[in-house]
Undergrad: 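Below: one structure in structure tokens.
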Amino acid sequence: MERLKLVLQYFQSNSESISNGICIILALVSVKLYTSFDFNCPCLPQYNKLYSLGVMIVPPIILFFLGVLVNRHTGVMMDEWMRPVGNRSKNPAVVKYLVSAMIQRALLAPMVWILVTLLDGKIFICAFSLSVDPALFSGAPNNTGLDMIKIMAKVPCKEDVIFRNSSFRKAVSRYVRCYSQAVGWSTLLFLIILGAMGRLIKPCFDDHASFLQTRYWSNYLDVEQKLFDETCVLHARDFARKCVVQFFEDMREDTILRLQHPPFIFNSKEGWEEEEDRLHGITKQDQMNQLLKKWYYSKPELDVTRIAHRPKPCVTWEDLEGEILYSDV
């Protein structure tokens, strides 16, 4: 149980891990959807390939856009791309990095779907049974009154009466499934080699210092957005609490107002002063709207020099005659 809590805390504190976890979940969902999907080939020459391509292409497209939708990098990337310049310049490298991270994660579930369909082979049989030369196999049903094209189109339908007590359908299905699995394993091997080569070769051609800078500022944008949202929630809670208290005080009724203190408010004087400071002097709706507008159109520049070099208080100890003994910083 403790290990599970640690894992959950890790995922909650790391937005990149959250994105990876969501993509893995989508990949597992794609496998589950495929295994529970009732695949019924039309077994008609003019519809087999159309139906198979639809099953092979449409679900991966849906899974891709779903991966884009749930990926946190999508929102951060769009905010950075669409925002006005203001006091902070835009870095195209950061936007490109976020787009690359978003696409890589969004492609995981579609690729899993395609690989599972290839390794299973049913869709491949439905699409390409017409392309198989029936002369390669014995036992073809020739007493049905159908031409060979229609017979080959019915190979995916094992319950069809023309293949009763016939090994022809099984032989053709096994033949096409072997091709499908060969394509699936080859695709998987190619993707693994491509990913490995990318990890090995990319550092040789890219400036690692620039990559670290891009990754740092992309993480900064994500963390900044999360902290801004959290600060807005705290500010809105204090603002709402004061509005409620002010409303009941204006009613001038002899009632006792009992409100549960938020966890960040203390009963001491310092706690109440801290609560007052969180409003930052904002007492009206127009002021808050102006502040949010300023944040969007003119984000603060990335410079904290004034805070970093803020002078520290100095306590000087003197004797009874006023002479300095020593000072504490």
Undergrad: Would you say Ile149 and Leu130 make side-chain contact, with heavy atoms under 4.5 Å?
TA: yes
Undergrad: Measuring from atom CD of Gln104 to atom NE2 of His73, what distance do you get when rounded to the nearest 0.5 angstrom?
TA: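 If we round to the nearest 0.5 Å, Gln104:CD and His73:NE2 are 10.0 Å apart.
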Undergrad: Check whether more than 12 heavy atoms from other residues, nucleotides or ligands sit under 6.0 Å from atom CG of Leu200, and answer yes or no.
TA: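 Yes, because the 6.0 Å sphere around CG of Leu200 holds more than 12 heavy atoms from other groups.
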Undergrad: Under a 4.5 Å cut-off applied to non-hydrogen side-chain atoms, are Trp217 and Asp222 in contact?
TA: no
Undergrad: Is a side-chain N or O of Asn289 found less than 3.5 angstrom from the main chain of Leu292, in a donor-acceptor match?
TA: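 Such a contact is absent between Asn289 side chain and Leu292 backbone.
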Undergrad: Is it the case that more than 12 heavy atoms not belonging to Lys294 sit under 6.0 Å from its NZ atom?
TA: no
Undergrad: Considering all heavy atoms of both residues, which atom of Ala109 and which atom of Leu63 are nearest to each other, and what is their separation?
TA: O-CD1, 4.0 Å
Undergrad: Kindly work out whether a path of hydrophobic side-chain contacts (I/L/V/M/F/W/Y, heavy atoms less than 4.5 Å apart) joins Met78 to Val94.
TA: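 Shared cluster, yes.
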Undergrad: Evaluate the ring planes of Phe168 and Phe137, with Trp represented by its six-membered ring, and classify them as parallel (under 30°), tilted (30 to 60°) or perpendicular (over 60°).
TA: perpendicular
Undergrad: Walk me through whether Phe64 and Leu108 qualify under side chain to side chain contact (heavy atoms under 4.5 Å, CB included).
TA: CA-CA 8 Å; Phe64 173 77; Leu108 178 61; over 6 Å; no
Undergrad: Specify whether Tyr179 and Tyr175 have parallel, tilted or perpendicular ring planes, treating 30° as the upper limit for parallel and 60° as the lower limit for perpendicular.
TA: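 Tyr179 vs Tyr175 ring planes: perpendicular.
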Undergrad: When the side chains of residues 110-127 are checked against the rest of the protein, which donor-acceptor pairs come out under 3.5 Å, sequence neighbours left out?
TA:
residue: Trp113; atom: NE1; partner: Val55; partner atom: O; Å: 3.1
residue: Thr117; atom: OG1; partner: Trp113; partner atom: O; Å: 3.2
residue: Thr117; atom: OG1; partner: Ile114; partner atom: O; Å: 2.6
residue: Asp120; atom: OD2; partner: Tyr34; partner atom: OH; Å: 2.8

Undergrad: When you look at CH2 of Trp295, are more than 12 heavy atoms from neighbouring residues, nucleotides or ligands closer to it than 6.0 Å?
TA: yes
Undergrad: If two hydrophobic side chains count as joined below 4.5 Å and joins carry through other members, does Val99 share a cluster with Tyr216?
TA: yes
Undergrad: Walk me through whether Val95 and Asn91 qualify under side chain to side chain contact (heavy atoms under 4.5 Å, CB included).
TA: CA-CA 7 Å; Val95 178; Asn91 189 350; over 6 Å; no
Undergrad: Please test Val176 against Val132 for side chain to side chain contact (heavy atoms under 4.5 Å, CB included), starting from the C-alpha separation and ending with a verdict.
TA: CA-CA 8 Å; Val176 180; Val132 178; 3.5 Å; yes
Undergrad: CD1 of Ile282 to CG of Asp238: how many Å apart, nearest 0.5 Å?
TA: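 Nearest 0.5 Å value for the CD1-CG distance: 11.5 Å.
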Undergrad: If we only count heavy atoms from C-beta on, is the Gln225 to Leu221 side-chain gap below 4.5 Å?
TA: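 The answer is no; the side chains never approach within 4.5 Å.
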Undergrad: Contact between Asn48 and Ser129 at the side-chain level, heavy atoms closer than 4.5 Å - yes or no?
TA: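 The answer is yes, as the side chains (C-beta and beyond) meet within the 4.5 Å cut-off.
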Undergrad: Let me see the working for Met77 and Ser100 under side chain to side chain contact (heavy atoms under 4.5 Å, CB included), right down to the final yes or no.
TA: CA-CA 10 Å; Met77 181 269 297; Ser100 176; over 6 Å; no
Undergrad: Does one hydrophobic cluster hold both Leu136 and Val172, with members joined at side-chain heavy-atom distances below 4.5 Å?
TA: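 Same cluster: Leu136 reaches Val172 through Ile, Leu, Val, Met, Phe, Trp or Tyr contacts under 4.5 Å.
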Undergrad: Less than 4.5 Å apart, any side-chain heavy atom of Ser131 and any of Lys49?
TA: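 Contact flag for Ser131/Lys49 side chains = yes.
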Undergrad: Side chains of Cys243 and Phe247: does their closest heavy-atom pair fall under 4.5 Å?
TA: no
Undergrad: Find out if a path of hydrophobic residues (ILVMFWY) with successive side-chain heavy-atom gaps under 4.5 Å connects Val76 to Trp81.
TA: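 Same cluster: Val76 reaches Trp81 through Ile, Leu, Val, Met, Phe, Trp or Tyr contacts under 4.5 Å.
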Undergrad: More than 12 heavy atoms of other residues, nucleotides or ligands under 6.0 Å from NZ of Lys299: yes or no?
TA: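 Counting neighbours around NZ of Lys299, more than 12 heavy atoms of other residues, nucleotides or ligands fall under 6.0 Å, so yes.
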Undergrad: Between Gln290 and Asp286, does any side-chain donor sit less than 3.5 Å from a side-chain acceptor?
TA: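 No pair is found: no donor N or O on one side chain lies under 3.5 Å from an acceptor on the other.
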Undergrad: Same cluster or not: are Ile201 and Leu189 linked, directly or through other Ile, Leu, Val, Met, Phe, Trp or Tyr residues, by side-chain heavy atoms under 4.5 angstrom apart?
TA: yes
Undergrad: So which heavy atom on His280 is nearest to which on His235, and how close?
TA: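 Taking His280 first and His235 second, the nearest heavy atoms are CD2-CD2, 4.4 Å.
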Undergrad: Find out whether Lys293 and Tyr296 are in side-chain contact, i.e. whether some heavy atom of one side chain is under 4.5 Å from a heavy atom of the other.
TA: no
Undergrad: OH of Tyr47: more than 12 outside heavy atoms within 6.0 angstrom?
TA: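 Not buried by this count: 12 neighbours or fewer within 6.0 Å.
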Undergrad: Would you say Gln46 has more than 12 foreign heavy atoms packed within less than 6.0 Å of its CD?
TA: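 Enclosed.
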Undergrad: With a 4.5 Å cut-off on side-chain heavy atoms, are Val68 and Met102 touching?
TA: yes
Undergrad: Measure from the side-chain N and O atoms of Arg88 to the backbone N and O of Glu301, and report whether any donor-acceptor pair falls under 3.5 Å.
TA: no
Undergrad: Does this structure show an ion pair linking Arg83 with Glu224, if we count only N-O contacts that are shorter than 4.0 Å?
TA: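 Looking at Arg83 and Glu224, the cut-off is not met.
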Undergrad: Partners of Ile61 by side chain to side chain contact (heavy atoms under 4.5 Å, CB included), sequence neighbours excluded?
TA: Ile57, Phe65
